[in-house]
Protein chains: 2
Amino acid sequence: MLYREVKRRLIVDIESGAVLPGGALPNESALARRFEVSIGTVRRAVDELVADHILMRQQGRGTFVRRLDKARFMFQFFKIEGCDGAREFPQVRLHAFSKARATPEEAHILGLRGAASVFRIDNVLSLKGRTVIHDRIAIDADLFVGLTRQTFGQRSGTIYELYQTGFGVTVVGADEKVRAESVDDVSAKILDLPQGTPVLRIKRVARTFDQKPVELRISIVDSREFEYVSSMREHA
Amino acid sequence: MLYREVKRRLIVDIESGAVLPGGALPNESALARRFEVSIGTVRRAVDELVADHILMRQQGRGTFVRRLDKARFMFQFFKIEGCDGAREFPQVRLHAFSKARATPEEAHILGLRGAASVFRIDNVLSLKGRTVIHDRIAIDADLFVGLTRQTFGQRSGTIYELYQTGFGVTVVGADEKVRAESVDDVSAKILDLPQGTPVLRIKRVARTFDQKPVELRISIVDSREFEYVSSMREHA
DNA sequence: AAGTGGTCTAGACCACTTG
DNA sequence: AAGTGGTCTAGACCACTTT
């Protein structure tokens with residue numbers, strides 16, 4: 001389990017900002033010397049971080065910390081696609097931004113104390129020019145100090161890229177629970193749906209290292225022309 | 001990529017029945033001699049097959065071909081759980097069994113010629129004593145020669161275990177697409193739901209080695225008290 | 001005690017990228 | 001040409017299971 005220790009120390013380097021997103025790690029022999037292990041052990045630790053989508057290797061160039069850019073977001077976290085299988089990056093519009101006391105459920109899921117504050121962000125996402133997703137996001141205000149409607153609205157990349165480069169919060173995974181329900185009045189208005197239309201309700205808990213929850217997101221999806229996809233296999 | 005070749009040859013052994021589900025592989029040094037590679041290369045091939053849930057290693061005992069038993073089915077393929085996170089093996093009741101011409105969609109998805117036949121199997125699944133899932137399964141009749149309502153109904157384990165031990169078809173992965181819709185009349189009756197209740201409609205394509213599709217399954221899920229869960233991370 | 005998989009090492013050689 | 005990651009080898013030593 002020596003390689004586990006190496007992996008842990010590499011994660012510390014990433015979390016602490018010693019190596020920044022997009023930046024290169026020292027080469028394998030340097031890491032082997034520093035951690036006093038063989039190159040094979042370094043490789044095994046890096047292998048896992050590559051499988052976790054944390055690092056990226058390029059033969060002949062080096063090993064880099066992956067950025068949570070569009071391509072990766074689409075690949076790892078965006079599971080809505082057209083009924084014909086077409087995948088497309090959604091157009092995102094900020095619908096509401098506020099700071100408020102966490103609800104008991106939010107506090108419980110995000111692991112906050114009772115009196116904590118959260119930022120609440122409502123987004124409306126469009127695919128093929130149609131408004132099909134209504135996202136309600138809640139994040140710990142103490143983890144994203146200084147976040148404002150402006151910094152959020154003016155971000156250049158994905159939301160998770162903003163978390164990562166602006167606040168040092170790297171989302172590494174998420175759990176989702178999906179159910180069918182009749183659209184509520186608020187989402188019906190946003191998605192321009194008749195009352196009672198069946199929609200998907202997706203509850204996502206996004207996590208950073210050590211499975212620590214950092215974001216709660218409820219997505220309401222008009223699934224008449226788009227679907228939620230899930231693949232159950234390891235290697236593609 | 002030598003280890004890929006070793007992996008391929010191990011898969012041939014499994015598909016051909018040279019090593020049966022539950023049976024042991026030769027030990028690592030024997031495999032290394034047979035394939036004329038080093039033990040490390042054998043290990044890498046086996047590592048991937050273990051990650052794919054095809055093989056299982058037990059230190060001190062050996063390496064075994066995994067059976068598609070309940071435990072594995074629950075872990076890998078059954079994604080419905082209670083809203084409280086409780087997981088339970090469903091009670092399954094055979095509702096209908098027939099053999100018929102494949103519809104164009106079935107033929108396309110399963111890769112059959114136009115005139116092919118399929119078995120159609122309707123199952124009703126219960127959790128916590130409540131009927132919550134209606135499954136409609138279609139499989140290539142030419143792949144499951146000799147399957148009857150009796151052999152199906154009298155199976156001892158899971159459906160996928162029957163495929164594996166009875167017909168040499170090992171399901172190794174699946175893709176699912178989920179949408180919300182109003183329950184149709186047939187499923188409404190089976191699930192005892194009022195007309196128009198929102199339900200999940202899950203379309204699963206189960207695949208064997210080389211991604212070959214072997215089963216098409218439509219599941220209608222009453223998601224009022226149960227949810228579809230999906231995890232987006234590599235290592236647990 | 002013998003046999004199995006689990007981990008780690010040390011190094012050779014190759015493929016690719018950069019200057 | 002020099003430096004990087006990618007693959008494969010050969011073997012030591014450990015932990016565990018079975019006999």
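Within every chain, numbering begins at 1; the chains are lettered A, B, ... in the order of the sequence lines, protein sequences first and strands thereafter. Computed from a predicted structure; not experimentally measured.
Taking only side-chain nitrogens and oxygens, A/T41 never comes nearer than 4.0 Å to OP1 or OP2 of C/dT7. An OP1 or OP2 oxygen of D/dG3 is reached within less than 4.0 angstrom by no side-chain nitrogen or oxygen of A/R61. OP1 or OP2 of D/dG6 lies within a sub-4.0 Å distance of a side-chain N or O belonging to A/R57. Between A/R44 and C/dT7 there is a side-chain N or O to OP1 or OP2 distance below 4.0 Å. One finds no side-chain N or O of A/R43 lying less than 4.0 angstrom from the OP1 or OP2 phosphate oxygen of D/dG5.
Taking 4.0 Å as the cut-off between side-chain N and carboxylate O, B/D13 and B/R34 count as a salt-bridged pair. Salt-bridge check for B/K203 with B/E105: passed, with a basic side-chain N closer than 4.0 Å to an acidic carboxylate O. Ion pair B/R43/B/E48 not flagged as a salt bridge, since none of the NZ, NE, NH1 or NH2 atoms sits closer than 4.0 Å to an Asp/Glu carboxylate oxygen. At a threshold of 4.0 Å, the pair B/K70-B/E161 does not count as salt-bridged, since none of the basic side-chain nitrogens sits closer than that to a carboxylate oxygen.
If you take CG of A/N27 and P of C/dT17, they are 17 Å apart, rounded to a whole angstrom. If you take CG of A/L25 and P of D/dT4, they are 13 Å apart, rounded to a whole angstrom. Summarising the geometry, the separation between CG on A/L55 and P on D/dT4 is reported as 17 Å, rounded to the nearest angstrom. Distance NZ (B/K7) to C1' (D/dT7): 16 Å, rounded to an integer number of Å. In this structure, the CD1 atom of B/I39 is 11 Å from the C1' atom of C/dT4, given to the nearest Å. Separating the CD atom of A/Q59 from the P atom of C/dC16 is a distance of 6 Å, rounded to the nearest angstrom. Counting to the nearest Å, the C1' atom of C/dT4 and the CE atom of B/M56 are 14 Å from each other. Atoms CZ (B/R33) and C1' (C/dG3) sit 13 Å apart, rounded to a whole Å.
Residue A/K212 places its NZ atom among 12 or fewer non-hydrogen atoms of other residues, nucleotides or ligands, all under 6.0 Å distant.
Comparing A/Q58 and B/T63, the nucleotide of DNA chain C nearest to each residue sits closer to the 5' end for B/T63.
Annotation: cation-pi pair B/R155/B/F152 present, NZ/CZ under 6.0 Å from the ring centroid and within 45° of its normal.
Side-chain proximity of B/V37 to the nucleotides C/dG5, D/dT9, C/dT9 is greatest for D/dT9. When distances are taken from the side chain of B/E28 to each of C/dT7, C/dG6, D/dG5, the shortest belongs to C/dG6. Among the nucleotides C/dA10, C/dT18, D/dG5, the one closest to the side chain of A/S38 is C/dA10.
The six-membered or imidazole ring of B/F97 lies near that of B/F119, with a centre-to-centre distance under 6.0 Å.
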Canonical and wobble pairing (Watson-Crick, G-U, under 3.5 Å) of DNA chain C, dot-bracket with |: ||||||||||||||||||.
